Amino acid sequence: MNETFDPEWGASTLGVRAAEPRTENREHAASVSMTSSYVFGSAAEAAAVFQGQAPGYIYSRFTNPTVEAFERRLAAMEGGESCVATASGMAAILSLCLALLRQGDHILSSSGVFGSTINLFNNVLTRFGVTTSYVDTTADVATWEAALRPNTKLLFVETPSNPLVELADIASLARLSRAHGAWLCVDNCFLTPVLQQPLRLGADFVIHSATKYIDGQGRAVGGAIVGDAERVGKDVFGFMRTAGPCMSPFNAWVFLKGLETLAVRMRAHCDNARAVAEWLEEQPSVARVFYPGLASHPQHVLAQRQQSGYGGVVSFELEGGRDAAWKLIDATRMLSITANLGDTRTTITHPATTTHGRISQEARDAAGVTEGLVRLAVGLEDARDIIADLARGLG
Ligand SMILES: *Cc1c(COP(=O)(O)O)cnc(C)c1O
């Protein structure tokens, strides 16, 4: 492992250079360490490594050089001490909760979170005595404070949120959670460390679905938790060692290479998304466009303050409800009709009947997911071709 990187480097440099894994063969590009276990020279050496008295890899459920390289590079980019890679973004959220929470604890979450996250909180964690209540993502700090309970241990926010790209003020919520003795976790999937670094704003943990922009090319499912050496490096790592929702070394290699191009890709996603959002705003059949980079976004000023770019997700509401939304989606010829996001290819989806289709109507209303809402994850094609494809179904 090449340890000679400077944590003060910019996100582009860290993405290319931090924690480059290198064996004694001195390969230039990272190689993949596809092995489930490691051999030892003697019984004594095995015992020492198992007991943590000597360094060394043991078993790829919890120690693997390629996975470790991905973890170290992502931690460096987020400005965190430790990172644990997981099998998926949902496994990251689950691992964080099961590692740190116990029966009787309460999670206070923003309402506009990923559909499966709501399902995990409401239908899985409740069975183990961990309850969750929700606050509007955009609510002011006083509203968040009023919703805190004596047993609130974790504040969980997704900012920008899916699919309405609403923002929560990370620095204010970090102060609030600290004063209450709780942790703040930010799902940083939409912006990546290139555009937003929640730990530097005071958050305790960052969650990633690496499936999205970190891979960036729609190939692999994975996730990660970044935070301090104690909670993440020891507690979450210990949970991973025992429970095992780990990342495959091959996927870690895909994500490691993804981090090398993340900064340039994110800037290109931002440029294309802005062009599409500005065009949509001029269309008469579009009632509203949601994109933090537009001056019309109610939290544009907050976006300018806590983000260094506005991301690739643009949502918009059509006048004609579900019929108009489905007609638009079905009229496209180039865009991919899929719920994935963070791909080179622009994706288009109807949240009310897909990503948010499994939650209750009440939860859907709380998340602001209406029947006329369409979500775009703007990709890396030429912006004019994306716009031309959308123009086909608008009328
Ligand atoms: C996709 C996604 C997740 C879940 O990640 P998976 O890798 O699909 O398990 C969590 N949060 C957000 C914001 C997402 O977009």
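For ligands, and for the atoms within them, numbers begin at 1 and follow the listed sequence. Please read these numbers as outputs of a predicted model, since none were measured by experiment.
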Item to complete: Just let me know how Thr211 lines up against ligand 1, side chain, backbone, both or neither, with a heavy-atom cut-off below 4.0 Å.
Response: side chain

Basic-acidic side-chain contact under 4.0 Å: [X], [Y]:
X	Y	answer
Asp330	Lys327	no
Lys212	Asp343	no
Glu20	Arg73	yes
Asp169	Arg305	yes

Identify the protein heavy atom lying closest to [atom], giving its residue, its atom name and the separation to 0.1 Å.
atom	answer
atom 11 (N) of ligand 1	Asp187 OD2, 2.6 Å
atom 15 (O) of ligand 1	Lys212 NZ, 2.7 Å
atom 5 (O) of ligand 1	Ser209 OG, 3.0 Å
atom 4 (C) of ligand 1	Phe114 CE2, 3.5 Å
atom 6 (P) of ligand 1	Gly89 N, 3.3 Å

Discussion item. Any heavy-atom pair between the side chains of Cys185 and Leu155 that's under 4.5 Å?
Written reply: no

Item to complete: Answer with yes or no whether Asn162 contacts ligand 1, where contact means a heavy atom under 4.0 Å from a ligand atom.
Response: no

Item to complete: Could you tell me whether ligand 1 has any atom less than 4.0 Å away from a heavy atom of Ala92?
Response: no

Practice prompt. Could you tell me whether a side-chain N or O of Ser82 sits under 3.5 Å from a main-chain N or O of Val232, the two making a donor and an acceptor?
Written response: no

Discussion item. Please check whether Met90 reaches ligand 1 - meaning an N/O of the residue sits under 3.5 Å from an N/O of the ligand, judged on distance alone.
Written reply: yes

Practice prompt. Output yes when the distance from some N or O of ligand 1 to some N or O of Ile93 is under 3.5 Å, and no in every other case.
Written response: no

Worksheet entry | Atom of Ala85, atom of Val67 and distance for their closest heavy-atom approach | CB-CG1, 3.8 Å

Response to the item:
Under 4.0 Å from one or more heavy atoms of Gly222, ligand 1 contributes atoms 7 (O)

Practice prompt. Test Arg17 against Asp6 for salt bridge (Lys or Arg N to Asp or Glu O under 4.0 Å), laying out the working first.
Written response: CA-CA 9 Å; Arg17 293 281 180 185; Asp6 180 348; over 6 Å; no

